[in-house]
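Only a predicted model underlies this, so the values are computations on that prediction, with no experimental measurement involved. Labels below follow one simple rule: chain letters A, B, ... track the order of the sequence lines, proteins then strands, and each chain is numbered from 1.
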Amino acid sequence: MNIKALNGFKDILPGEVELWQRLEAVARDIFARFNFFEIRLPILEKTDLFARAIGEATDIVEKEMYTFVDKQVTMRPEATASLLRAYIEHGLHVQKPVQRLFTIGPMFRHERPQKGRLRQFHQMDVEVLGSVSPRVDAEMMAMGAMLLGELGLFVSLELNSLGCPVCRPGFRTSLLAFLDDRHRALCDDCKRRSATNPLRVLDCKNPKCREQVLEAPSLQDHLCADCADHFRGVQEGLGQLGVQYSLNKFMVRGLDYYTRTTFEFITSDLGAQAAVGAGGRYDGLVEQLGGPSVPGIGFALGMERLVLLLQQKEDKIAVSGIDLFVAAIGEQSSRHAFGLAHALRTSGMRVAMDLEGRSLKSQMKQAGKLGAAHVLILGEDELAAGKAVLRNMATKQQQEIVLQEEGKMVQTLILQLKSL
RNA sequence: GUGAAUGUAGCUCAGCUGGUGGUAGCACUUGGUUGUGGUCCAAGAAGUCGUGGGUUCGAGUCCCAUCAUUCACCCCA
């Protein structure tokens, strides 16, 4: 019986995990600069939460959720629903009129895995609740762009406005009329979509549909006065902050809750999984979930996809080395070194030693691989003479050190490591 | 859920029209240096050739099934 990880579930091993740590460190730094606070959320929620937030008719809810049917609970397929549930449950709108929150963690969707798409994947999710200001929208995108920029990634930003419950029905009607005229020319999926979710036809990848849809009415032309004002404000803000973007009238969202601003960070380097980050405004959602009437906007970054891009850059991540390797020869020395290494670690140093009784040569090799700055060699001869040899691995300089009682020895070594 | 490709050492891969599993690279262990790393050299260890059937004197190689992986569709971050 050979047990392997589940299809679509991955181990992140040493060597790759450093990239994840760097990604998270950069992200946390930038989120802090923009005054966002972390919130940690459970992975399991009532199934109903996702059905109501994401939309009963979406693919995610219809066929991709990991649900314990008997318990009516589901492993979260995205973060926004859980975050809003917590926001409402704890009355966060009362504590602050505008809440800026982020969360980082695994999400679960039962899809067929492929490049940049796993069944357990990780997102960094950022949300602002309580503001309708178009500057917030612009700021969110600027923050995303800054994050990607500081990671050294070149990703483009696409922007659209989906309108609101006031203007979208009108657009829908004219879109439906347009699609009806060309029903025959559409692919089978789009024939179905015309009935269920006509907006989706706009971003069908089938070339035939794309051609048909080129002349389709544009959402941007059907916005009501308020939405048009808002959309103008967003673009003005982006311009002021120097964020590069392009308008894409065909971009719609797969989740039902989006209104007005939607955007995607897109790369051409990941095959079919072009979106490394996406989000938008969801002004009615909090209320729809039983909370106060509070507007919101958020976006999520796909961490696997960002890590793939970082790997493609092939920047070598310097593995942070250790301070000291204690090399001992013989049982007596090894016993002495065992205690000394522990004392050094207690005082805050990164220390390694070999516990397998290997040759000095082998121990030196290990020290080299671990990136040890120094090696303390404790041989039988040295021990007998009450001494040890300290070697600087970079300069190859060595110097003798008189062995002392452990506490003093630690002090001496800390000083010597700086000077040698 | 649909389609295609691929499964040989821990990893990356050779292995032609069936004839004893590789002086292959990386990684690992040991040695060259009786006690000194990164380079170099040598040796060593490591495999039910995904699994199960079939064809054949003989299958890693051909056929069937099955499982897994990958890419794409779909969907999405």
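Between Phe102(A) and Phe31(A), the ring planes are tilted. Angles from 30° to 60° get that label.
Look at CD on Glu264(A): it is 9 Å from C1' on A77(B), rounded to the nearest Å. Distance CD (Glu111(A)) to P (U2(B)): 16 Å, rounded to an integer number of Å. Here U70(B) presents its P atom at 15 Å from CG of Leu270(A), a figure rounded to the nearest Å. In this structure, Arg117(A) places its CZ atom 10 Å from P of C74(B), rounding to the nearest Å. One atom, CG of Leu13(A), and another, P of A27(B), lie 18 Å apart when rounded to the nearest Å. Rounded to whole Å, atom P of C71(B) lies 7 Å from atom CD of Gln114(A). Atom-to-atom, CD of Gln311(A) to P of U12(B) comes out at 14 Å; the value is rounded to the nearest Å. For Met364(A) and G35(B), the CE to P distance is 14 Å, given to the nearest whole Å.
In a base pair of the Watson-Crick type (N1 to N3 plus N6-O4 or O6-N4) or a G-U wobble (N1-O2 and O6-N3), with each distance short of 3.5 Å, G47(B) is matched with no nucleotide. Across all strands shown, the partner of A42(B) is U30(B), judged by Watson-Crick or G-U wobble contacts whose two distances both fall under 3.5 Å. The partner of C73(B), taking Watson-Crick or G-U wobble pairs whose two distances both stay under 3.5 Å, is G1(B). With a cut-off of 3.5 Å on both Watson-Crick or G-U wobble distances, the partner of G52(B) is given as C64(B). In a base pair of the Watson-Crick type (N1 to N3 plus N6-O4 or O6-N4) or a G-U wobble (N1-O2 and O6-N3), with each distance short of 3.5 Å, U20(B) is matched with no nucleotide.
Within 4.0 Å (heavy atoms only), Lys369(A) reaches sugar-phosphate atoms of the nucleic acid but no base atom. Nucleic acid contact class of Gly116(A) (heavy atoms, under 4.0 Å, all strands): base. Counting any heavy atom pair closer than 4.0 Å across all strands shown, Ile377(A) reaches a base atom. Among the heavy atoms of the strands, none lies under 4.0 Å from Ile266(A). Glu64(A) comes within 4.0 angstrom of the backbone, heavy atoms only, and of no base. Here Arg109(A) lies in heavy-atom contact (under 4.0 Å) with a base. Within 4.0 Å (heavy atoms only), Ala367(A) reaches no atom of the nucleic acid at all.
Side-chain contact of Tyr282(A) with Gln288(A): a donor-acceptor pair under 3.5 Å is absent, judged by distance alone.
One distance of note links CD of Gln366(A) with CD1 of Ile322(A); it measures 9.5 Å at 0.5 Å rounding.
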Please write out each protein N/O paired with an N/O of nucleotides 31-34 of chain B under 3.5 Å, distance rounded to 0.1 Å.
| from | atom 1 | to | atom 2 | distance (Å) |
| --- | --- | --- | --- | --- |
| G32(B) | N7 | Lys361(A) | NZ | 3.1 |
| G32(B) | O6 | Lys361(A) | NZ | 3.2 |

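Under the 4.0 Å criterion applied to side-chain N and carboxylate O atoms, Arg33(A) and Glu150(A) are assigned as salt-bridge partners. Between Glu400(A) and Lys387(A) there is a salt bridge, since a side-chain N of the basic residue sits under 4.0 Å from a carboxylate O of the acidic one. A salt bridge links Arg40(A) with Glu38(A): at least one charged nitrogen is closer than 4.0 Å to a carboxylate oxygen. Checked for salt-bridge contact, Asp283(A) and Arg281(A) meet the test: a charged N lies under 4.0 Å from a carboxylate O.
Comparing G44(B) with A27(B), their C1' atoms sit 14 Å apart, to the nearest whole Å. Nucleotides A68(B) and G31(B) have their C1' atoms positioned 41 Å apart, rounded to a whole Å. One P atom belongs to C26(B), the other to C41(B), and the distance between them is 9 Å to the nearest Å. A gap of 12 Å separates the P atoms of G52(B) and G60(B), to the nearest Å. For the P atom pair drawn from A77(B) and C16(B), the interatomic distance equals 46 Å after rounding to whole Å. Comparing the same atom, C1', in C49(B) and in G15(B) gives a spacing of 10 Å after rounding to whole Å. Nucleotides U51(B) and U8(B) have their C1' atoms positioned 14 Å apart, rounded to a whole Å. Spacing between U39(B) and G35(B) at atom P, rounded to whole Å, works out to 22 Å.
Arg112(A) contributes no side-chain N or O that forms a donor-acceptor pair with the base of G1(B) under 3.5 Å. The base of U36(B) lies outside donor-acceptor range of the side chain of Gln363(A), with no N or O pair under 3.5 Å. Counting atom types as modelled, Glu382(A) pairs a side-chain N or O with a base atom of G35(B) as donor and acceptor under 3.5 Å.
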side-chain hydrogen bond (donor to acceptor under 3.5 Å, both in side chains) for Glu127(A) and Thr80(A)? Distances and angles first, verdict last. CA-CA 8 Å; Glu127(A) 314 281 349; Thr80(A) 304; 2.8 Å; yes
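Nearest nucleotide to the side chain of Leu360(A), out of G35(B), A77(B), G37(B): G35(B). Taking every side-chain heavy atom of Lys396(A) into account, G38(B) is the closest of A77(B), U70(B), G38(B).
For CZ of Phe9(A), the number of neighbouring non-hydrogen atoms (other residues, nucleotides, ligands) closer than 6.0 Å is greater than 12.
Projected onto RNA chain B by closest heavy-atom contact, Leu6(A) and Ala278(A) fall at different nucleotides, the more 5' of which corresponds to Leu6(A). Projected onto RNA chain B by closest heavy-atom contact, Ala274(A) and Ile329(A) fall at different nucleotides, the more 5' of which corresponds to Ile329(A).
A close approach under 4.0 Å does not occur between any side-chain nitrogen or oxygen of Asn7(A) and OP1 or OP2 of A68(B).
At a threshold of 4.5 Å between non-hydrogen side-chain atoms, the residues Glu304(A) and Leu118(A) count as touching.
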